[in-house]
Novice: 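Here it is, the structure, as structure tokens.
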Amino acid sequence: MRKSLLALTLSLTTASALAAGEHGGSHATTPDAEVDRTIQVEAGDMWFEPEELSISAGETVRFKVVNTGNLQHEFVIGDAEAQEAHREMMQEMAGGHGAGHDGHGGHAMAEGAHGGEMPAVTIAPGETAELVWTAPTDVDTLVYACNIPGHFESGMVGEIQLGK
């Protein structure tokens, strides 16, 4: 029993250490833009609510991400390939391979097919973070996810349908 508790404590500590640093605030693509609407997203432990969003191409959205869980989470927007690359990098860091942190909360963000770095925020338990983002006009679907090791695999992923 003691060994199980120790393993659980160490894994939670590792996940928190990997996510520490707040991703440098938000990587908002349009921080001074006029916001068309605000969407609240709840990040619980291993889930997002809502699980799917519909946003118009070119629409500027302020995401208010509320972490109601007990663990630190991230909210990252990108295409499936960029999310996978980011998740793999986070896994490598969990294995002790990520010394360079590049000012992004302990890790560099992948570049998505929709261009530029993926917008992201890291949210401590009980905290709220904001991210202002303008939806691209050249894709139909994007993903938002928490790529802290084990979180995506446990269900912390949602889909953004982009309408014209």
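FYI, the numbering just counts along the sequence from 1.
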Novice: Where do Ser56 and Ala135 come nearest, in terms of heavy atoms and distance?
Specialist: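 So the two residues come closest at O-CB, 3.5 Å.
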Novice: Which heavy-atom pair separates Gly150 from Ser154 by the least distance, and what is that distance?
Specialist: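 Heavy-atom minimum between the residues: O-OG, 2.8 Å.
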Novice: Near Glu51 CD, under 6.0 Å, is it more than 12 heavy atoms from other residues, nucleotides or ligands?
Specialist: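 Incorrect, the count does not exceed 12.
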Novice: Taking the side chain as C-beta and beyond, is there a heavy-atom pair between Ile39 and Lys64 under 4.5 Å?
Specialist: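 No - every pair of side-chain heavy atoms lies 4.5 Å or more apart.
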Novice: Are Leu53 and Val121 connected in a single hydrophobic cluster, I mean Ile/Leu/Val/Met/Phe/Trp/Tyr linked by side-chain heavy atoms less than 4.5 Å apart?
Specialist: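 Looking at the clustering, Leu53 is in the same group as Val121.
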Novice: Look only at the side chain of Asp36 and the backbone of Thr60, and say whether a donor-acceptor pair between them is shorter than 3.5 Å.
Specialist: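 At least one qualifying donor-acceptor pair exists.
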Novice: Considering non-hydrogen atoms only, spot the tightest contact between Ala94 and Pro149 and give its length.
Specialist: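 Smallest interatomic distance, heavy atoms only, reads CB-CG, 3.9 Å.
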Novice: Could you tell me whether the side chain of Glu127 and the main chain of Ala124 form a donor-acceptor pair under 3.5 Å?
Specialist: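 Between the backbone of Ala124 and the side chain of Glu127 there is no qualifying donor-acceptor contact (under 3.5 Å).
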Novice: Please assess Gln83 against Asn147 for the test side-chain contact (heavy atoms from CB on, under 4.5 Å), listing each intermediate value before the final yes or no.
Specialist: CA-CA 8 Å; Gln83 294 281 8; Asn147 292 303; 2.7 Å; yes
Novice: Should Val76 and Val66 be counted in the same cluster of Ile, Leu, Val, Met, Phe, Trp and Tyr side chains packed under 4.5 Å apart?
Specialist: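 Different clusters.
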Novice: Are Leu71 and Met46 close enough, and set up right, to give a side-chain contact (heavy atoms from CB on, under 4.5 Å), and what steps lead you there?
Specialist: CA-CA 9 Å; Leu71 303 172; Met46 306 312 156; 3.5 Å; yes
Novice: Quick one about Gln40 and Glu42 (side-chain donor to acceptor, distance below 3.5 Å, no hydrogens or angles considered), yes or no?
Specialist: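 Note: Glu42 and Gln40 side chains miss the donor-acceptor criterion.
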Novice: About how many Å separate OG1 of Thr141 and CG of Leu162, when rounded to the nearest 0.5 Å?
Specialist: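 Here the interatomic distance stands at 7.0 Å.
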Novice: Any chain of hydrophobic side-chain contacts (each under 4.5 Å) joining Val157 to Trp133?
Specialist: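 The answer is no; the residues belong to distinct hydrophobic clusters.
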Novice: So which atom in Gly58 and which in Thr134 form the shortest heavy-atom distance, rounded to 0.1 Å?
Specialist: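 In this case the closest contact between Gly58 and Thr134 is O-CG2, 3.5 Å.
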Novice: Mind checking whether Met90 and Ile148 have side chains closer than 4.5 Å, heavy atoms only?
Specialist: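 Side chain of Met90 against side chain of Ile148, heavy atoms only: contact under 4.5 Å found.
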Novice: Specify whether Tyr144 and Phe48 have parallel, tilted or perpendicular ring planes, treating 30° as the upper limit for parallel and 60° as the lower limit for perpendicular.
Specialist: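 Perpendicular, since the angle between the ring planes exceeds 60°.
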Novice: Please step through side-chain contact (heavy atoms from CB on, under 4.5 Å) for the pair Asn67 and Phe75, ending with a clear verdict.
Specialist: CA-CA 10 Å; Asn67 184 347; Phe75 179 83; over 6 Å; no
Novice: Given side-chain contact (heavy atoms from CB on, under 4.5 Å), test Leu142 with Ile55 step by step and report yes or no.
Specialist: CA-CA 10 Å; Leu142 291 173; Ile55 297 174; over 6 Å; no
Novice: What is the distance from atom CD of Gln161 to atom CD of Glu52, rounded to the nearest 0.5 Å?
Specialist: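 These two atoms lie 5.0 Å from each other.
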Novice: State, with a plain yes or no, whether a side-chain heavy atom of His86 is found less than 4.5 Å away from one of Glu74.
Specialist: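 In short, these two side chains touch, coming nearer than 4.5 Å.
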Novice: Is the closest side-chain heavy-atom distance between Ile77 and Leu131 below 4.5 Å?
Specialist: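 Ile77 reaches Leu131 side chain to side chain.
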Novice: Show the nearest heavy-atom pair for residues Asp45 and Asn70, with the distance to one decimal.
Specialist: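 Scanning both residues completely, I find the closest heavy atoms to be OD2-N, 2.6 Å.
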Novice: Which atoms form the tightest heavy-atom contact between Met156 and Gly44, and what is the distance?
Specialist: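 Result for this residue pair: CE-O, 3.6 Å.
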